[in-house]
Amino acid sequence: MMIKVLLAGESWISNSTHYKGFDSFNSVTFHTGHGPLVKALTGSDIDLTFMPGHEVAENFPSDLDSFNKFDVVIISDIGANSLLLSASTWLSSQRQPDRLELLAEWTASGGGLAMMGGYLSFQGIEGKAFYAGSAVERVLPVEISRFDDRVECPAGVRPVSISPTGGVDGAFSVPEGPWPHLLGYNKVTAKAGSQVLAEIGPDPLLVLGAVGQGRSAAWTSDISPHWCPDEFSSWDGYRTIFVSLITWLAGSQEALASVPLMNKETTNV
């Protein structure tokens, strides 16, 4: 059966001002960062639906039935405000469901949730991603900083696998080293009871956890440039990591047996 995945985020719009002597003009460009992941999933049993950032405020699921159309939801480089503030709330002061709470409820009820790193993931640049203390943090396997959590590594840093291939009940394949360099990540702390499969510098890179009847994961670097350069995304291990991750997130309760339930105080929904 195909695994249904929603990827929300991974796009941006740039507005540039060009100065040419006396005159100037503006140009606007649209960019996406999901291409390497799409390429890596080609040929797998994973059906990816991409929701670019500018669509999230209006189109992200706002009830459990809508979430249940998917096996896995991935939040990547899109801040909490885009999920919290639909146009009806922001512009018309209308009450709407709290989609962070709904996402946490859906995850604990059997869904698979992943957050991928970036400038607007976890707490993000200048703290603007704003997931610390939210319902989403409760169900992720990591604790999020209350401050700007970026770690920039322009000289490159090699992640280190600390779990052998097939290390999670045979359901998750982690490539053996050496891994290519990454150029940065969001600094988080693994929760008690979670399982760290890879580290970057002194910090977690790939963390798994079970919460209620569901499962969650954190990948603390980008899935595409700039933190994840072409040398990493074109590496065979990139496909292994993300196909395995999504497959595990969508797995049966039996596949979770080797991942202890996280601290109930931090995952209660």
Side-chain angles (χ1 to χ4, degrees), residues 3-12 32-34 36-38 41 46 48-64 66-86 97-109 111-125 127-145 149-150 185-188 191 194 204-209 211 214-224 227-228 241-242 245-246 248-250 267 269:
I3 297 171
K4 301 289 186 179
V5 179
L6 173 63
L7 170 62
E10 278 303 325
S11 75
W12 61 99
T32 62
H34 68 306
L37 182 62
V38 170
L41 300 182
I46 297 170
L48 183 73
T49 297
F50 174 53
M51 183 180 292
H54 63 278
E55 295 182 6
V56 168
E58 292 309 301
N59 297 332
F60 194 78
S62 57
D63 56 63
L64 292 177
S66 297
F67 278 113
N68 285 333
K69 295 177 182 178
F70 302 99
D71 303 298
V72 176
V73 172
I74 299 173
I75 305 297
S76 187
D77 221 348
I78 184 79
N81 282 325
S82 292
L83 281 72
L84 289 168
L85 299 174
S86 66
D98 184 327
R99 293 183 291 197
L100 299 184
E101 292 284 353
L102 282 172
L103 180 56
E105 180 182 351
W106 173 79
T107 303
S109 298
L113 170 66
M115 182 171 287
M116 308 303 191
Y119 268 34
L120 281 172
S121 297
F122 300 101
Q123 198 66 350
I125 187 170
K128 289 181 177 178
F130 201 50
Y131 286 102
S134 73
V136 167
E137 184 188 30
R138 293 204 307 265
V139 295
L140 287 175
V142 296
E143 296 176 359
I144 299 173
S145 169
D149 58 5
R150 293 169 302 130
Y185 59 96
N186 300 91
K187 184 180 180 68
V188 300
K191 288 180 180 176
S194 65
L205 171 63
L206 178 58
V207 189
L208 306 183
V211 51
R215 74 276 324 150
S216 65
W219 169 264
T220 62
S221 191
D222 270 325
I223 59 171
S224 63
W227 281 345
C228 180
I241 291 167
F242 289 108
L245 175 59
I246 293 170
W248 180 82
L249 286 167
T267 60
V269 296

Please name all residues satisfying side chain to side chain contact (heavy atoms under 4.5 Å, CB included) with Thr49, sequence neighbours left out, ordered by chain then number. Leu6, Phe70

What residues, two or more places apart in sequence or in another chain, satisfy side chain to side chain donor-acceptor pair (under 3.5 Å) together with Ser76? Glu10

Give a yes or no on this: more than 12 heavy atoms of other residues, nucleotides or ligands lie within 6.0 Å of atom CZ of Phe130. no

Please name all residues satisfying side chain to side chain contact (heavy atoms under 4.5 Å, CB included) with Ala114, sequence neighbours left out, ordered by chain then number. Ile74, Met116, Ala217, Leu249

Output yes when a side-chain donor or acceptor of Asn186 lies under 3.5 Å from a complementary backbone atom of Arg150, and no otherwise. no

Could you tell me which residues satisfy ring-ring contact (aromatic ring centres under 6.0 Å, His included) with Tyr119, sequence neighbours excluded, listed by chain and number? His226, Trp227

Can you measure from CG (Leu41) to CG (Leu7) and round to the nearest 0.5 angstrom? 9.5 Å

Going by the rule side chain to side chain donor-acceptor pair (under 3.5 Å), which residues pair with Ser86 if we only count those two or more places apart in sequence or in a different chain? Ser88

Only counting residues at least two apart or in another chain, list the ones meeting side chain to side chain donor-acceptor pair (under 3.5 Å) with Asn81. none

Is the backbone N or O of Gly111 less than 3.5 Å from a side-chain atom of Arg215, with the two atoms forming a donor-acceptor pair by type? yes

Glu55 side, atom CD; Ser82 side, atom OG - distance, nearest 0.5 Å: 12.0 Å

Before accepting this row, confirm whether a basic side-chain N of the pair Arg138/Glu105 lies closer than 4.0 Å to the acidic partner's carboxylate O. no

Asp222: partners by side chain to side chain donor-acceptor pair (under 3.5 Å), with sequence neighbours left out: none

When rounded to the nearest 0.5 angstrom, what distance separates OH in Tyr185 from CG in Leu205? 9.5 Å

Please find the pair of heavy atoms, one from Pro61 and one from Arg99, that lie closest to each other, and give the distance. O-CD, 3.1 Å

Thr32: partners by side chain to side chain contact (heavy atoms under 4.5 Å, CB included), with sequence neighbours left out: Ser11, Phe30, His34, Phe50

Rounded to the nearest 0.5 Å, how far does CG of Leu83 lie from CG of Leu102? 10.5 Å

Excluding sequence neighbours, so at least two apart, what forms side chain to side chain contact (heavy atoms under 4.5 Å, CB included) with Ala132? Gln123, Ile144, Arg146

Any donor-acceptor N/O pair, Lys191 side chain to Leu140 backbone, under 3.5 Å: yes

